[in-house]
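Model, not experiment: these values are computed from the prediction. Lettering follows sequence order; numbering is per chain, from 1.
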Amino acid sequence: MINIVNLHAEVEEKKILKGLNLNVKAGEIHAIMGPNGSGKSTLASILAGKEDYTVTDGNVEFDGKDLLELSTEDRARQGLFLAFQYPIEIPGVSNVNFLKSALNEIREYRGEEPISAKEFLALVKEKSALVELDSKLASRSVNEGFSGGEKKRNEIFQMAMLNPKLAILDETDSGLDIDALRIVANGVNKLRSPKNAAIIITHYQRLLDYIIPDFVHVLYDGKIVKSGGKELALELEEKGYDWIKEELASNAD
Amino acid sequence: MELMENISKIQAFASKFNETNLAFSPTSIADAKNTLLHLDFPTTKTEFWKYTRLAKLAQLRLNQEKIRENEQVIAPLSDNGIVRITNGYITSFSKEIAGLTITPFSKCSEQQLSLIGKKADLTQNIFLALNTLYSQEGLFIEVEENAQIEGVFQLLFHTHGENCFAPFRVFIHVKKGSSFKLIQQFTASGEHLFSLPIVEYLIEENARISCDKLQMENASSFLLCEDYSIQKRNSTVLLNTFSISGAWVRNNSSFLIEGENCETNLNGAYLLKDLQHLDNHTIVDHIAPHCNSNELYKGILSGKATGIFNGKVFVRPNAQKISAFQSNANVLLSDDASVNSKPELEIYANDVKCSHGSTTGQLDEDAVFYLRARGLSEKSARSLITQAFIAEVVDKVEQKEVQDFIKNKLIELHDWTN
């Protein structure tokens, strides 16, 4: 699905990613954990195409295409979705109207017919129920006046509407209470299939109680320094990140 | 050959114009003449004209060309009631509408004529003087007491030809308990055109008017609109001004709120590109207590366009318990576009609620990225956010068909995705 090889990136001449490797196959869920400032959100932003970052080395292949050569919108149209850590409020732009335009631009890109109004409404109804998002909220201005939990649920709602091949969830659990966390996780689990994949970026193991990952990676100082199964997350929760830093230091000696 | 050296710019400018035969009050004509004799085109040293230069306009040598045929560049919104005014002359007259009397100034009663120009100060304003002295025709619109006029009535101002000066005067008398909806549309075709329509409104007790001005002139036209409104008790005024196209537009809107419990809403949207210049000046004068006024002006500027908002609110000593709000927001889409925004409040009463605000910024790039990350093209993302910014003003228009007309016009002109 996505193969990231030796990715180096910087922002304003500050090196953030320093040779990151990650290979995600269809049907898999990968969790990326790591302390603050390790480069987790940078990775998400670069994959989505945010222009503030400069990739200095490495490459990313997504579904057979050179991802870094694609514009942000073409990445989305190829099936990549980023659930934002801080979803943007856009006053006056209706959530469902923009999603309909987005869906149709994606369909046009893929050479498909535009969605009918009836089909679209049915889809909104089905997918908003999935994340227990009030359909009134779904048709309001994008994220305007939404609570923190509603914003995150709206991200998963949009993800469900667009049905991406690869979803990247950037700290979707941050700021969520336990009920909202369960709803969001439930939404993600229902969308799970052998054809798609997800990268879940998180600080805490908590979300991984609900979304069981196939692999857990530790991102530290711009690189993946340790990978394992879901039990690695539990170990991190218990012991923190210091033992990994120590392990790295002793390996270096 | 006349010796030209001793005459002022304004006298040279007006040298080919024809004095009106309309029976304005003799004092108005004398005052107008006097003003044009003693004042000249204001320069940018005059506060009221600080950001709008008149040099290019002053250089024009224009004629008043009598035209009796219509030319249509934009279809009217409905055929409910339409008066066409071409180059300052009435070129087609409305069908009869119950409750509405429309009379050319030449056929007005003395009592009607005596209302014209009462609260408009001729002595300091050369454009009001030009309009008073040279308007060849005018229109008096009277809405009968307690008449609720269905649908919208349209005044279609059109200027065409070359080197034309088109002054015109309208007086709208909305009598007690009546309501009236009006569209004023301004279009132009040709070169070196100067339209100078001045509209006065007298809104009596419990009456209501809504007026949408659609300014859609061309790339070599000058349009100067003045509105003077007087409100009596319990009356409501809604004026929406959409500056859609036109090289040079100046709006002077003045609202005198004489009666208690009035509602005054002024909204404006301007979308300027290339070298367009727009200057909105509003004055809201609260004399009576217990009134509300709201102003919302929003603009989007690209290219080398320039925009000005100057909104003045006076709250006189007797105007207690009023609330007055004013807001101006601008988005600049290019480095060379500029805007000057100046909200002003002068408050002489002590128990009032007033606020004003002004913002100027760029399009939210994080929002653009967010929409693109969902699959929208950059062009779609930008046009959606831009449209949303202006939609707040468009939504103030009461008729859905007028809203749609404005939206479609903007989409067409700015190549927005729908």
Undergrad: What part of A:Q78 gets closer than 4.5 Å to chain B, counting heavy atoms only: side chain, backbone, both or neither?
TA: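 Contact with chain B: none, neither part.
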Undergrad: Which members of residues 368-380 of chain B, sorted by number, sit under 4.5 angstrom from chain A on a heavy-atom basis?
TA: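 Expected list: B:F369, B:Y370, B:L371, B:R372, B:A373, B:R374, B:G375, B:L376, B:S377, B:E378, B:S380.
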Undergrad: Within a radius of less than 6.0 Å around OH of A:Y86, do more than 12 heavy atoms belonging to other residues, nucleotides or ligands occur?
TA: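 No, not enclosed.
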Undergrad: Counting only heavy atoms not in B:K273 (residues, nucleotides, ligands), do more than 12 fall under 6.0 Å from its NZ?
TA: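 Yes, enclosed.
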Undergrad: In this structure, are over 12 heavy atoms from other groups packed under 6.0 Å from B:E401 atom CD?
TA: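 Buried by this count: over 12 neighbours within 6.0 Å.
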Undergrad: Looking at CD of B:E365 and CG of A:D52, how far apart are the two atoms once the value is rounded to the nearest 0.5 Å?
TA: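 Here the interatomic distance stands at 10.0 Å.
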Undergrad: Please identify each residue that fulfils ring-ring contact (aromatic ring centres under 6.0 Å, His included) with A:F98, with sequence neighbours left out.
TA: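 None.
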Undergrad: Where along residues 55-74 of chain A does a heavy atom come under 4.5 Å of chain B, listed by residue number?
TA: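 Counting heavy atoms that sit under 4.5 Å from chain B, the residues of residues 55-74 of chain A involved are A:S71, A:T72, A:E73.
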Undergrad: If you count heavy atoms of other groups shown closer than 6.0 angstrom to CD of B:Q362, is the number above 12?
TA: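 No, not enclosed.
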Undergrad: So which heavy atom on B:A388 is nearest to which on A:V93, and how close?
TA: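 Nearest pair, atom of B:A388 first, then A:V93: CB-CG2, 3.5 Å.
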Undergrad: With only heavy atoms counted, which part of B:D364 is less than 4.5 Å from chain A, the side chain, the backbone, both or neither?
TA: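 Looking at B:D364, just its side chain touches chain A.
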Undergrad: Sort out for me which of A:E89, A:E51, A:E155 touches chain B most, counting heavy-atom pairs under 4.5 Å.
TA: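 Highest number of pairs under 4.5 Å: A:E155.
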Undergrad: Quick one: ring-ring contact (aromatic ring centres under 6.0 Å, His included) partners of B:Y270, sequence neighbours excluded?
TA: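 B:Y270: no ring-ring contact (aromatic ring centres under 6.0 Å, His included) contacts found.
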